[in-house]
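What follows is a set of notes on a single structure, which appears directly below.
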Amino acid sequence: MRVRFAPSPTGYLHIGGVRTALFNWLFAKHYGGQFLLRIEDTDEARYVPGAADNLMESLRWIGLNWDEGPDIGGPHAPYVQSQRKEVGIYQPHVERLLAEGKAYMSFTTPEELDQMRADAEARGIKAFRFRGPERDWPLAQQQELAATGKPYTVRLKVPMEGSTSFHDLIRGGGQAITVNNAELYDIVLLKATGMPVYHLAHLVDDHMMGITHVMRSEEWVPSAPYHALLYQAFGWQQPAFAHLPVVLRQDGKGKLSKRKDDVGANRFWERGYLADAMFNYLALQGWSYDDKTEIMTRDEIVERFTIEKVQSSPARWNPDKLRDMNGIYIRKLSTAELTELLLPHLAGAGYVGNPASAEERAYVERLVPLIHERLEELGQAPELLEFFFNDVSYPDPTLLIQKKMDAAGTVTALRAAHEHLQALPEWNEASLEEALRALADELGLKPGQLFGTL
RNA sequence: GCCCCCAUAGUCUAGCGGCCCAGGACGUCACCCUUUCAAGGUGAAGAUCGCGGGUUCGAAUCCCGCUGGGGGUACCA
């Protein structure tokens, strides 16, 4: 079993991407296979420098290690498509398809294509399925025109008739997914720049790298027929497809988006999410073990993860649930562990040095039990502990009013408490508690009501 | 528009023909515990299993239609 995660370095990795990577990783671990990382940077226009490093950092944070990848190499290096293109990996495959008449050089320019699309729409034809006139030309004629220097793309000659089927491990209800070839168009394999398009590059790479299972997000389902056709054209064994459910936005309107949602993987460790909690939560985005188990260790998840249990319906991003789960994981931490994790957040607020001194560390460690059970995000700590580092203004007086009490009763209770406490000869835990309990009794209040106000 | 996928409570999900007049979790509410807040415990409300037809002795589970949602429709991935 060999699987891969093949992101495009167009920005930071968002949480949906991490989920896809995680499922591939889990699959590999469960079956004792390999998990590879490959960078698909064939989109020169959207390329963001540094994105690949950032993305690897995100994967490492959550604990997904790869067996082969751009940074560590492997038997199929390089693992970056632009580099593979330079080495001449894709070109021979394109030429082979050309020679066999399974692809053709298309001289229609992007501008002409736009015009044709606009014309089609004007005539009420919404489905524009491009088939280049050159698909019927002899190769020699294509080459002749190419020799004049006219730019061209290479397109796959998709059959006009018949249908194309493929199986999916997750969707289709056990049946093959079939589309009529008439619904398809001649996809571009090689751009005019000579750079391969995703469809070609990923497929050649998957084949060469011995990928057995392609697990990718659901949005790829519509392009799977092209891939099936390409495998046929090459005469290669097609890997198994498994299209993972998309992760929908919290309101269910559309898939998670980098632009609209605060879901960059890096944002989560900044805000104080634990990698273990994230791992657990993400495993449940489109997969579940049984009807009640949710909190599981990494090992348990690896052991239990199977493709059969992956959902076919979309997952929904639920920050509340994630936060709750993060709280559960935080509560599992020891005081010392939590202190260690909190220090950077407190340093961020300027409450301790960076790194913190031994005294600061010891002080924080005494504070930690106060907020340990309440914390759901590590980033909340500075706010909760502000009291200890800064003078704070008085809070909203209405917060003092306890359950089943009113403002007048609260004021009375506070005055009485003030008097009683002033009268106390000595303040210590026992004397304070005794005095206040007695007072509560006197006022006909439960201790909790009085103590709450104070 | 067309093509494809999907459809159990506010949300995530279990369920793959009888064990389900549907189980768990988040969220909500109540009570208990508690020096507050949390955490924890107990309990409650919340789903005619999207709708309509079939198949079957029996359907949340299989089939068809509809509706709804999502995805795709690029020389982006």
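Letters go in sequence order (proteins before strands), and every chain restarts at 1.
Comparing the C1' positions of B:U13 and B:A77 gives an interatomic distance of 30 Å, to the nearest angstrom. Distance noted for atom P between B:C49 and B:G10: 13 Å (whole Å). Of the P atoms belonging to B:C20 and B:G70, the separation is 35 Å, rounded to the nearest Å. For the P atoms, the distance linking B:A39 with B:A47 amounts to 26 Å, nearest Å. Taking atom P on both B:G23 and B:A44, the two are 11 Å apart, rounded to the nearest angstrom. Taking the P atoms as reference points, B:C62 lies 28 Å from B:G1, given to the whole Å. Annotation: B:C32 and B:A22 have their P atoms spaced 30 Å apart (nearest Å). Comparing the P positions of B:C19 and B:A60 gives a spacing of 9 Å, expressed to the nearest Å.
Geometrically, A:Arg298 engages A:Phe279 in a cation-pi contact, judged by NZ or CZ lying under 6.0 Å from the ring centre and within 45° of the ring axis. Cation-pi check for A:Arg304 over A:Tyr289 is met; the charged atom lies under 6.0 angstrom from the ring centroid and within 45 degrees of its normal.
If you check every strand for non-hydrogen atoms under 4.0 Å, A:Ser163 touches nothing. Backbone-only engagement by A:Arg155 is indicated by non-hydrogen atom pairs under 4.0 Å involving sugar-phosphate atoms exclusively. Residue-level contact check: A:Tyr185 touches the backbone only, with heavy atoms under 4.0 Å from sugar-phosphate atoms and none from bases. Residue contacts shown for A:Ala45 are absent, as no nucleic acid heavy atom lies under 4.0 Å away.
Annotation: A:Tyr281 is not in aromatic contact with A:Tyr273 [ring centroid separation under 6.0 Å not met]. Between A:Phe27 and A:Trp287, the distance from one ring center to the other does not fall under 6.0 angstrom. Taking the six-membered ring for Trp and the full ring otherwise, A:Tyr185 and A:Phe130 have centroids separated by 6.0 Å or more.
Computed from coordinates, the A:Arg46 CZ to B:C75 P distance equals 14 Å when rounded to whole Å. Atom CE in A:Met116 sits about 13 Å away from atom P in B:A74, given to the nearest Å. Distance A:Leu244 CG to B:G71 P: 16 Å, rounded to the nearest Å. Nucleotide B:C12 holds its P atom 14 Å from the CH2 atom of A:Trp317, rounded to whole Å. In this structure, A:Phe130 places its CZ atom 9 Å from P of B:C75, rounding to the nearest Å. Atom NZ of A:Lys332 and atom C1' of B:A39 are 15 Å apart (whole Å). Taking atom CG of residue A:Leu338 and atom P of nucleotide B:A39, one finds them 16 Å apart after rounding to whole Å. One can place CG of A:Asp320 at 7 Å from P of B:G27, the figure rounded to the nearest angstrom.
Side chain of A:Gln91 to backbone of A:Gly88: no donor-acceptor contact under 3.5 angstrom is found. Side-chain N or O atoms of A:His202 include one that pairs as donor or acceptor with a backbone N or O of A:Tyr198 at under 3.5 Å. A donor-acceptor pair is defined here as one N or O able to donate and one able to accept, closer than 3.5 Å; such a pair exists between the side chain of A:Gln380 and the backbone of A:Glu377. Within the 3.5 Å criterion, the main-chain N or O of A:Met215 finds a donor-acceptor partner in the side chain of A:Asn24. When atom types are taken as modelled, the side chain of A:Asn280 and the backbone of A:Met296 share a donor-acceptor pair closer than 3.5 angstrom.
Here B:U42 sits opposite B:A30 as a Watson-Crick or G-U wobble pair (both hydrogen-bonding atom distances under 3.5 Å). In this structure, B:U73 forms a base pair with B:G1, meeting either the Watson-Crick or the G-U wobble geometry with both donor-acceptor distances under 3.5 Å. Both distances falling under 3.5 Å, in either a Watson-Crick or a G-U wobble arrangement, place B:C51 opposite B:G65. With both pairing distances under 3.5 Å, B:G18 is matched to B:C57 as a Watson-Crick or G-U wobble pair.
At the phosphate of B:A77, OP1 or OP2 sits under 4.0 Å from a side-chain N or O atom of A:Lys191. Contact between the side-chain N/O atoms of A:Arg117 and the OP1/OP2 oxygens of B:A74 is found at a separation under 4.0 Å. Contact check, A:Lys309 against B:C16: no side-chain N or O comes under 4.0 Å of OP1 or OP2. The phosphate of B:C75 (OP1 or OP2) has no side-chain N or O of A:Thr109 nearer than 4.0 angstrom. Between A:Ser288 and B:A14 there is a side-chain N or O to OP1 or OP2 distance below 4.0 Å.
Comparing A:Pro196 and A:Gly254, the nucleotide of RNA chain B nearest to each residue sits closer to the 5' end for A:Gly254. Mapping A:Glu44 and A:Leu248 onto RNA chain B by nearest heavy atom places A:Leu248 closer to the 5' end of the strand.
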Measure all distances between protein nitrogen or oxygen atoms and nitrogen or oxygen atoms of nucleotides 21-25 of chain B, and list the pairs falling under 3.5 Å.
| unit_1 | atom_1 | unit_2 | atom_2 | d |
| --- | --- | --- | --- | --- |
| B:G23 | N2 | A:Asp291 | O | 2.9 |
| B:G24 | O4' | A:Asp291 | O | 3.2 |
| B:G24 | O2' | A:Lys292 | O | 3.3 |
| B:G24 | N2 | A:Glu294 | OE2 | 3.4 |
| B:A25 | O2' | A:Glu294 | OE1 | 2.6 |
| B:A25 | O2' | A:Lys321 | NZ | 2.4 |

Between N or O atoms, less than 3.5 Å apart, protein on one side and nucleotides 40-46 of chain B on the other: list the pairs.
none

Distances under 3.5 Å between nitrogen or oxygen atoms of protein and nucleotides 4-8 of chain B:
| unit_1 | atom_1 | unit_2 | atom_2 | d |
| --- | --- | --- | --- | --- |
| B:C5 | O2' | A:Arg171 | NH1 | 2.6 |
| B:C6 | OP1 | A:Gly172 | N | 3.0 |

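Taking the charged nitrogens against the carboxylate oxygens, A:Lys85 and A:Asp41 have no contact shorter than 4.0 Å, which rules out a salt bridge. Using a 4.0 Å cut-off between charged side-chain N and carboxylate O, A:Arg171 and A:Glu218 make a salt bridge. Electrostatic pairing of A:Arg323 and A:Glu376 does not count as a salt bridge here, judged by no charged N lying under 4.0 Å from a carboxylate O.
No N or O donor and acceptor, one from the side chain of A:Arg316 and one from the base of B:C12, sit under 3.5 Å apart.
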inquiry  = I'd like to know whether A:Glu337 forms a salt bridge (charged side-chain N to carboxylate O under 4.0 Å, His left out) with A:Lys332, so could you lay out the CA-CA distance, the side-chain angles of the two residues, the decisive distance to 0.1 Å, and finally the verdict.
reply    = CA-CA 10 Å; A:Glu337 288 168 335; A:Lys332 286 182 176 180; over 6 Å; no
request  = Take A:Tyr226 and A:Trp220 through the ring pair (Phe, Tyr, Trp, His ring centres under 6.0 Å) test and state the conclusion after the steps.
outcome  = CA-CA 10 Å; A:Tyr226 295 109; A:Trp220 293 104; over 10 Å; no
